[in-house]
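In what follows, a single structure is set out as structure tokens and then discussed.
Computed over heavy atoms, backbone and side chain alike; hydrogens, waters and symmetry mates excluded. Keep in mind that this is a model prediction, so the values were computed, not measured. Here is the naming used below: chain letters follow the sequence lines, and residue numbers restart at 1 for every chain.
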Amino acid sequence: MTTTTKGITALLAAGLVTGLAATALAGEIRIGVTMRMVSENGQKYGQMVVDEFDMINKAGGINGHTLDVTLLNDECKSDKGVANANKLIFQEKIHLLVGSTCSSVSLPIVDVTAKTKVPQIIPHSTNEKITQKGSAWVFRVPVSGRYYAGVNAKYVGENIGKKIAYLCAADAASQNDCEAMQAQMKSQFGAEAAYVAQVQEKEVDFRTHMQKIKSAGVDGIMIAALAETMARALVQSYEAGIPASVNRIGSSSASNSPVPAIAGDAAKGVFFTAAYAAADDRPIARLFNEMVRQRYGIHAPDHDFSQAYDLVRIVEIALGNADLKLDSANLAADRTAIRDAIANVKGYQGLASGPISFCAEATPQCRDGNRTAVLIAYTKGGKDYVTEVLARVTMPVDFGLK
Amino acid sequence: MDFDFTSLFAFILFGLTIGVVYGIVALGISLIYSGLDIVHFAHGEIYMFGAFFGLVFSEHMGVPYPLAILSAMVCTGLLGIVIERVFYRRLTRAGGGYTVAGMGMIICGFGMSVVLQNIAYLSWGADAEPFPVDLGEPFQFGDISLPKSYGLTAVIALLLMAVLHFFLKKTKIGLAVRAVAANKDIAFLMGINVPLMISLIFGLACALAAAAGVLIGPMQSVQVEMGYLMLMKAFAAAVVGGFGSLPGAIVGGLLVGIFENLGAAYISPNHKDIYAFLLLILVLMVRPSGLFGVEVRVKA
Amino acid sequence: MALLETRRLSKSFGGLRAIHDLDIDVEAGTIHGLIGPNGSGKSTFFNLVSGVYPPDPGSSITFAGTDVTKSPPHAIAKLGMARTFQLLRLFSEMTVLQNVMVGYHTHVPYSLLGTLVNSPRTRRIDARITEEMSELLEIIGLAEYADMPAAELSGGQRRLLALGRAMATRPKLLMLDEPAAGLSPVNVDNLLSIVMALKDRYGLTLLIVEHILKVVMDTCDRVTVLDHGEKIGEGSPTEVKDDPAVVEAYLGQEMDDEEVRQAMQA
Amino acid sequence: MNLLLAPFRGLVDFFQALARIHRIVPWLVAYVFLLPLPEILSATGNDYYIYLTNRILIFILLSVGLNIVKGFCGQVTVGHIGLYAIGAVTSSLLAINYGWPFWAAMPAAVVVTGLAGIIIGLPSVRLEGAYLALATLGLGESVRIMIAVTPALGSSTGIMLIPPPQVGSFVFDDFQKYYYLVMTAAMIGIYLSFSILRSATGRAFMAIREDVIAASVHGINVPANKLLAFVISALYAGAAGALFAHMPPGFIHHNNFTIIEMVTLLLMVVMGGIGHIWGGVIGAIIVYIIYDNTLEFYHIQPLTFGLIMVLLVVFMPQGIGGVIDRYLVTKRFVKLREEKSDGAA
């Protein structure tokens with residue numbers, strides 16, 4: 001008891017100090033960010049969110065208000081993500097939550113923000129269930145997994161063949177991509193999977209599967225995994241002697257730069273769907289590529305970067321339209337105003353593959369803003385990889401919903 | 001459908017080639033166990049450091065691959081000696097094995113693994129680094145193709161074992177090392193510099209882990225988090241072979257490699273890591289002394 | 001029937017025969033001594049009888065009319081056998097009182113659940129145990145150190161505590177493994193008088209392994225001599241002392257009779 | 001040090017005086033003292049601290065439980081977090097798939113975890129020290145991998161929308177309400193831990209820790225008691241897991257139960273002091289406070305924690321609890337000596 005009391009007194013004291021510091025400044029729009037600041041890529045585009053908000057401040061803020069951004073790392077762990085969200089909401093008293101980048105972290109945070117009535121905008125989580133929870137407070141900038149699968153399957157069925165082997169890693173995004181793809185192949189072409197193997201999230205040795213796939217004689221292999229795992233699998237597929245004529249299909253994380261960097265030549269010919277292609281020839285995309293290259297030393301930005309950038313732009317537009325009081329009495333009202341302002345963003349076309357539009361209803365149709373997937377293929381692997389755009393497909397709003 | 005013997009052969013071959021690497025790490029773990037009476041939980045991170053050292057030498061400094069292996073071994077060995085001298089020595093002096101200090105050693109090992117992993121992350125970043133080594137076209141056994149790096153790994157592993165065997169059995173220092181492993185008190189009375197030998201054992205074990213790290217680089221790329229899984233497999237290998245038994249470690253490694261590959265191929269691939277654990281637990285429960293281990297006598 | 005009987009008791013470690021075909025009877029109510037040169041198997045005998053080592057097949061150990069050859073140590077303890085260790089093996093982080101209370105463990109009649117809810121019955125039993133244990137500490141003279149960690153006791157006090165802890169199991173047979181080792185002559189006498197007091201008070205049977213032969217010769221009713229794991233002599237202290245086979249095995253042939261006598265009386 | 005610890009004396013004396021009335025009185029008094037904590041924390045305008053307190057209390061339950069098997073009984077287990085996972089998953093599945101209320105699902109989860117504790121504890125019958133650590137590590141990780149790859153157990157997406165506990169129309173769905181639940185659980189846990197330590201069972205555990213062979217020849221059934229220690233600590237882990245799962249937003253995922261969490265738990269126990277009941281409590285509080293205040297330095301957080309762990313083991317193996325204990329014991333002896341010399345004079 002004695003020590004508990006003591007410890008809790010200490011806790012209390014600490015709470016008083018930080019609590020006061022956090023609420024001292026009014027007139028600021030407080031934005032909390034929780035992201036997976038673990039991988040190199042993750043850290044860089046997390047930093048990009050912060051940098052972009054800083055630039056808005058340097059340019060005079062929004063309607064005279066400055067932005068106060070707090071960035072926390074959730075390591076892609078749901079309990080840490082929830083703790084971060086709570087810390088940001090209750091301690092930092094944020095007006096808007098940005099995050100997370102992992103589906104398994106975004107999923108519980110959706111419940112937290114729905115309950116505390118804080119608008120949440122997601123930079124990069126594709127799991128379908130996030131917007132299907134019916135929260136009126138969540139917005140998704142990236143393309144939902146259900147759209148990706150539809151586009152991918154259509155292309156595969158029409159151009160490659162129907163006999164596809166699947167290697168699916170056990171992380172949430174890859175599982176989702178893999179299952180959705182199989183379902184789409186079935187519903188669009190009636191094609192059953194030729195071979196399916198669930199592998200662990202960070203599997204390093206795929207030779208057993210490659211040997212089996214080799215003897216199964218398939219038209220294509222879909223490798224749904226996080227970047228590094230996918231890269232290893234790609235390399236090992238060539239080592240096992242599966243010829244280049246068998247197409248390699250990536251899940252959406254194939255756009256991450258570690259894939260071509262680690263896989264090297266094995267990345268050549270891999271195609272995937274993403275929300276942005278560095279090979280995009282619009283002037284805005286050229287400028288963006290150059291900016292990311294200079295600021296973060298990234299050879300060619302993937303869609304994580306474009307989505308982070310688009311997210312900041314969307315937030316900027318919404319905050320500009322919202323009528324904010326920014327004092328402690330109006331915290332709840334300001335949060336609602338920001339939510340409504342985001343819901344009013346229509347037809348935003350920045351770097352995103354398609355126009356991003358939100359609306360007020362708490363449905364996936366309203367909250368999955370981007371419906372356009374770009375089909376991309378690597379034409380050269382290695383650290384100086386090159387991609388090409390195969391197609392750009394916009395899906396109907398209801399696609400993939402039951 | 002007929003049973004596909006080619007595939008079975010392939011799976012066993014894959015198991016053997018990765019098992020050799022488990023075996024080398026297990027060899028180090030076993031060596032430490034017999035020399036210091038501790039199970040080193042940070043050995044996975046030592047292996048990871050070895051891999052990164054190899055990468056730095058080979059990719060960034062342009063040292064030829066075989067030389068890179070040697071240099072990485074030396075650097076990692078020295079790193080190990082420093083860690084052992086600065087941190088572990090106080091605990092091992094208080095007694096390893098079953099004592100309360102032994103429990104401290106386990107916790108200390110965990111702490112050290114976290115520290116090393118973070119240091120590696122700060123130095124080399126979180127992303128996996130490719131470690132391409134061009135050895136030419138893969139070997140072909142009928143329908144099975146095996147990249148040369150796997151063959152090279154097997155050869156180097158055998159070479160390392162032979163050198164270690166020669167060192168322990170035929171050299172004077174090796175004899176001293178074995179004496180220390182057998183009984184420190186008696187070794188001390190025989191005039192052997194026991195602390196120095198302990199450092200040497202630890203350094204050797206770390207060098208072996210480094211060799212494994214550099215060897216596996218071309219197959220699986222190099223990453224900060226690579227240590228933990230390898231540690232588990234190597235533990236399983238060391239236990240299966242019998243803690244403290246050097247040939248046991250290699251045989252254990254091969255068995256773990258084959259076991260998990262067959263499990264992944266014929267039972268279920270996403271439980272792959274569980275098979276190694278399963279084997280570990282099974283062997284511990286049925287025969288804690290492993291295949292080649294000697295039954296430990298309880299001193300009453 | 002003797003309280004403790006071993007028949008064809010054998011134990012080998014690897015190729016080494018520590019005990020071979022040993023038949024020993026310890027009669028109830030007696031003080032039985034076990035002597036022999038270093039490495040003759042005395043400690044192994046203790047470890048076999050108390051269940052710490054499993055004996056080799058073919059051996060049999062009977063204690064208080066029960067076959068305990070394959071019993072685990074705690075079951076044997078429950079039947080009324082207690083022992084001390086040469087290296088004491090006290091629970092050094094625990095207090096003196098807790099040490100003896102562990103010894104009392106087999107006789108604690110309350111349940112874990114009772115403890116958790118702190119039932120009146122549990123409290124009554126607790127009070128009784130504490131009282132009984134304090135009494136025991138009084139006898140061995142450690143009452144005032146009851147709350148001190150065992151590690152902080154002096155060497156002599158530790159030996160007494162080891163004795164007290166063994167006594168707390170309320171044994172029929174108490175086996176002492178070199179109880180006087182490392183004690184000054186005054187402390188040896190003190191210890192012996194306490195052991196005798198305990199024996200009389202609780203009607204103990206004693207089995208003593210001792211290097212200080214004076215202890216054995218002065219106190220034992222019967223002595224068994226071991227060499228290389230085999231019995232080479234048995235009888236009253238006087239008989240054994242004069243047995244040439246014993247003398248020879250025990251001290252080697254080089255010494256003359258007078259030297260042997262001196263050595264044995266020292 | 002004396003100056004730092006001096007305030008404890010008053011509190012200790014106060015509670016010892018209370019204990020003289022009845023063993024349970026100090027606990028009730030402390031409980032009443034702790035009840036209004038959320039209101040106090042809330043008054044600072046920062047409800048996040050209530051959430052943090054809840055997380056700390058869950059970890060207190062875990063580390064107090066771990067201390068029973070590790071600190072009291074001396075068994076090196078590294079699989080505790082696996083038991084925590086079993087408790088969490090069992091309770092949430094019962095609640096979601098079978099509609100069990102929390103009050104039925106949690107006890108069931110605790111029982112299931114207790115049974116799992118037997119399995120995790122079984123190796124302890126044959127193995128010791130490092131071998132045992134390896135076996136339990138393997139078992140604990142196997143639990144996590146099983147959860148990660150089995151869709152019915154949540155696999156990659158985790159289990160979501162686990163309903164919060166409910167009494168009639170009162171739903172424990174915010175931090176403040178949940179606090180009463182976890183605080184009560186933690187208090188009961190600590191109290192029971194004390195009861196166990198003071199009982200014959202507790203003494204048997206300690207005897208096994210100190211010397212297995214001496215314990216067994218003094219009548220202690222070593223395998224049974226080791227298993228019992230594992231089971232008791234598993235019960236704690238099961239309760240903690242269930243409480244974690246049902247805490248809003250009611251989401252669990254296999255990566256909440258990794259080796260990193262296990263290391264954190266170890267750090268708590270080591271920092272607080274292995275074998276000191278308050279150790280787990282102190283450790284959980286300190287580690288969490290440090291953790292929360294260094295969130296923005298995530299680059300070097302593991303380094304800091306790992307280094308603390310290594311240095312603690314090397315230089316202060318008895319932990320903070322050990323230091324406090326030593327201080328109190330020394331004080332008592334000094335007092336005893338003084339009384340004695342007074343009497344003699």
Side-chain angles (χ1 to χ4, degrees), chain A residues 36-44 75 167-170 175 195-216 226-243 256-267 381-383, chain B residues 4 6-15 17-19 21-22 121 124-132 134 137-150 216 218-226 228-230 233 257 260-266 268-274:
Chain A
R36 173 175 180 252
M37 301 293 282
V38 181
S39 71
E40 208 93 324
N41 226 38
Q43 285 177 22
K44 282 177 177 160
E75 297 168 34
L167 267 184
C168 320
Q175 278 290 313
Y195 175 83
V196 186
Q198 309 278 326
V199 297
Q200 292 161 118
E201 193 173 328
K202 289 181 180 152
E203 179 62 74
V204 287
D205 192 349
F206 299 89
R207 291 176 292 162
T208 308
H209 305 298
M210 295 306 171
Q211 186 67 27
K212 283 185 176 177
I213 292 171
K214 191 172 157 189
S215 40
L226 295 179
E228 284 151 7
T229 313
M230 186 188 298
R232 290 189 189 109
L234 286 171
V235 172
Q236 290 176 17
S237 75
Y238 283 98
E239 284 179 357
I242 300 176
N256 297 152
S257 61
V259 173
I262 298 171
D265 291 340
K383 293 206 163 153
Chain B
D4 183 357
T6 316
S7 294
L8 177 68
F9 175 68
F11 301 147
I12 292 177
L13 191 66
F14 297 154
T17 48
I18 195 75
V21 183
Y22 297 159
Y121 160 78
W124 294 298
D127 276 355
E129 298 260 356
F131 194 155
D134 193 12
E137 288 298 300
F139 297 115
Q140 287 291 341
F141 303 95
D143 199 25
I144 308 159
S145 59
L146 190 72
K148 288 227 169 75
S149 52
Y150 291 89
I216 212 163
M219 310 177 204
Q220 298 182 347
S221 68
V222 176
Q223 206 211 350
V224 173
E225 289 174 5
M226 68 197 280
Y228 173 64
L229 258 185
M230 173 55 75
K233 307 285 168 70
E260 69 172 12
N261 263 287
L262 290 183
Y266 292 112
S268 125
N270 54 357
H271 294 90
K272 191 171 161 196
D273 287 341
I274 296 186

Applying a strict 4.5 Å limit to non-hydrogen atoms, the region of A/Ala170 in contact with chain B is neither

Side chain, backbone, both or neither: which part of B/Phe131 has an atom under 4.5 Å from a heavy atom of chain A?
-> neither

For B/Ser145 and A/Glu239, indicate whether the former's side chain and the latter's backbone hold a donor-acceptor pair under 3.5 Å.
-> yes

Where does B/Met219 contact chain A at under 4.5 Å (heavy atoms): side chain, backbone, both or neither?
-> backbone

What heavy-atom pair brings B/Ser221 and A/Ile262 nearest, and what distance separates the two atoms?
-> CB-CG2, 4.0 Å

Top contributor to chain A interface from B/Ser268, B/Pro130, B/Gly15, B/Ala10 [non-hydrogen pairs under 4.5 Å] | B/Pro130

Could you tell me which portion of A/Arg232 (side chain, backbone, both or neither) has an atom closer than 4.5 angstrom to a non-hydrogen atom of chain B?
-> side chain

Mind checking side chain to side chain donor-acceptor pair (under 3.5 Å) for B/Lys272 and listing every partner two or more places apart, or none if nothing turns up?
-> A/Glu203

Side chain from CB out, backbone as N, CA, C, O: work out which of these in B/Gln140 comes under 4.5 Å of a heavy atom of chain A, or both, or neither.
-> neither

Say you draw a straight line from CG of B/Asp127 to OG of A/Ser257; how long is it, rounded to the nearest 0.5 Å?
-> 6.5 Å

Give the minimum heavy-atom separation between B/Ala126 and A/Val38, together with the two atoms involved.
-> CB-O, 2.9 Å

Residue set satisfying side chain to side chain contact (heavy atoms under 4.5 Å, CB included) with A/Ser215, at least two apart, ordered chain then number -> none

If we only count heavy atoms from C-beta on, is the A/Thr208 to B/Pro269 side-chain gap below 4.5 Å?
-> no

With only heavy atoms counted, which part of A/Val204 is less than 4.5 Å from chain B, the side chain, the backbone, both or neither?
-> both

If one checks every heavy atom of B/Gln223 against chain A at 4.5 Å, the contacting part turns out to be side chain

Option in A/Arg207, A/Lys212, A/Gln198, A/Glu201 with maximal non-hydrogen atom pairs under 4.5 Å from chain B = A/Arg207

Can you check whether A/Asp205 reaches B/Gln220 side chain to side chain, under 4.5 Å on heavy atoms?
-> yes

Where the side chain of A/Glu228 meets the backbone of B/Ala128, is there a donor-acceptor pair that is under 3.5 Å apart?
-> yes

Tell me, side chain or backbone of A/Gln211 under 4.5 Å from chain B's heavy atoms, or both, or neither?
-> side chain

Applying a strict 4.5 Å limit to non-hydrogen atoms, the region of B/Tyr150 in contact with chain A is side chain

Can you tell me if A/Glu40 uses its side chain to pair, donor with acceptor, with the backbone of B/Gly125 under 3.5 Å?
-> no

Contact origin within B/Phe14 toward chain A - heavy atom pairs under 4.5 Å = both

